[in-house]
Protein chains: 2
Amino acid sequence: MELFWLKGYGSTSIADILSRSQVNSGSLYYFFPGKQDLLIAVLEAYRDGIGPMLLEPAWQGVDDPVERVFALLAGYRRALVETDCTYGCPIGSLALELHEPDAPVRALLAANFQGWIAGVEECLRAAASRFPPNADFHALAELALNVMEGGVMQARTFRDVAHFDRAVEQLRLHFDALMQPMVESK
Amino acid sequence: MELFWLKGYGSTSIADILSRSQVNSGSLYYFFPGKQDLLIAVLEAYRDGIGPMLLEPAWQGVDDPVERVFALLAGYRRALVETDCTYGCPIGSLALELHEPDAPVRALLAANFQGWIAGVEECLRAAASRFPPNADFHALAELALNVMEGGVMQARTFRDVAHFDRAVEQLRLHFDALMQPMVESK
DNA sequence: GTCTATAAAAGGATAGAC
DNA sequence: GTCTATCCTTTTATAGAC
């Protein structure tokens with residue numbers, strides 16, 4: 001999991017994994033027939049951890065559902081700062097690294113995105129009364145994901161978290177515009 | 001260029017390149033000392049082509065500067081549709097595939113993003129009179145890039161262009177909200 | 001500048017004893 | 001289930017003739 005995150009799938013060799021996990025070749029291949037089976041297991045672990053390992057920790061002490069969305073994004077910001085802007089979303093990185101993923105891999109990448117989006121969408125629906133009646137909560141949750149992935153990509157490429165901050169600020173403005181649909185005309 | 005786009009950098013072997021280009025090993029290494037030098041040349045070509053190969057064709061026959069932004073995004077949509085949603089932005093894919101790029105590579109990735117953003121920002125500034133006086137055109141152009149990259153990532157992972165369409169629609173709503181800042185109160 | 005042949009290393013995966 | 005040794009392929013890059 002760590003190696004695929006830090007180096008990517010293709011650049012992580014079996015030898016890397018054996019060394020990092022202090023395991024011998026025979027043992028690894030006893031449980032995982034091939035390298036791709038490791039990837040599948042990793043993606044399943046990420047998928048199963050979206051709630052307990054990602055969303056719930058980010059939402060500790062944050063009750064307002066809309067603020068929970070931004071608390072989640074703040075977690076990515078912290079990861080960027082703590083890694084000197086070398087952090088990458090493991091799912092996003094794998095999604096773009098693997099150009100022709102086998103069906104089960106692609107399905108798991110999609111399941112990971114879907115889980116993230118569903119978590120954010122749930123927040124927004126919990127605040128439905130503050131949004132216009134025709135608000136598209138699914139599209140808004142997808143926008144949050146796109147802003148996060150794009151913001152991380154830019155911040156990492158430019159080695160400057162300000163790119164991520166501007167992305168989040170635009171999302172904030174978008175939400176604010178929806179949540180205050182009526183402005184006094186002058 | 002084509003192979004790095006279709007297969008990524010790591011998954012493209014020198015043998016692939018020799019075969020595709022009908023060139024022999026000796027000739028290739030005469031001009032390019034190593035594989036990374038090919039990557040650098042490719043990224044330079046993308047950077048130099050942003051105007052003539054990407055923006056200008058997308059803007060043919062589109063005069064309204066704001067619509068030019070969406071015409072550019074429509075080009076990515078077309079690429080997605082024409083490739084059955086296997087298209088990926090070559091720069092975005094490389095930016096996420098390469099986890100620890102050497103300085104010149106990272107600089108060129110950043111230069112490519114910067115060129116794209118600058119082109120969009122110029123459009124928005126050309127329509128400055130329609131935006132509020134405090135509008136952050138740079139942040140808006142970055143948002144457009146993030147929406148594009150995120151939308152392509154989602155559409156490709158889910159093999160469904162609707163994900164891209166929703167992303168663009170949210171950007172449109174964001175722009176509309178800015179460009180019509182005064183709504184009649186009821 | 002280009003050709004063929006090949007070096008040298010790293011890659012994923014397997015064999016067979018224990 | 002785990003160990004070591006190793007097979008076989010692919011990979012990047014080079015050598016040296018032309």
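The analysis underlying the following values was restricted to heavy atoms, covering all of them including side chains, and did not include hydrogens, waters or symmetry mates.
- If you take CD1 of B:Ile14 and C1' of C:dT4, they are 17 Å apart, rounded to a whole angstrom.
- A donor-acceptor pair shorter than 3.5 Å cannot be found between the side chains of A:Asn24 and A:Ser27.
- Using cut-offs of 30° and 60° on the angle between ring planes, the pair B:Trp116 and B:Tyr76 is tilted.
- Atom-to-atom, NZ of A:Lys7 to C1' of C:dG11 comes out at 12 Å; the value is rounded to the nearest Å.
- Within the 3.5 Å criterion, the main-chain N or O of B:Ala167 finds no donor-acceptor partner in the side chain of A:Glu142.
- Among the protein residues, A:Ser11 comes within range of no part of the nucleic acid, since none of its heavy atoms lies under 4.0 Å from any strand.
- Checked by atom type and distance alone, the side chain of A:Asp160 pairs as donor or acceptor with a backbone atom of A:Ala162 at under 3.5 Å.
- Annotation: proximity of residues 15-31 of chain B to DNA chain D (heavy atom, distance under 4.0 Å) is found for B:Ser25, B:Tyr29, numbered in ascending order.
- Counting heavy atoms of neighbouring residues, nucleotides and ligands inside a 6.0 Å radius, atom CD of B:Glu122 does not exceed 12 of them.
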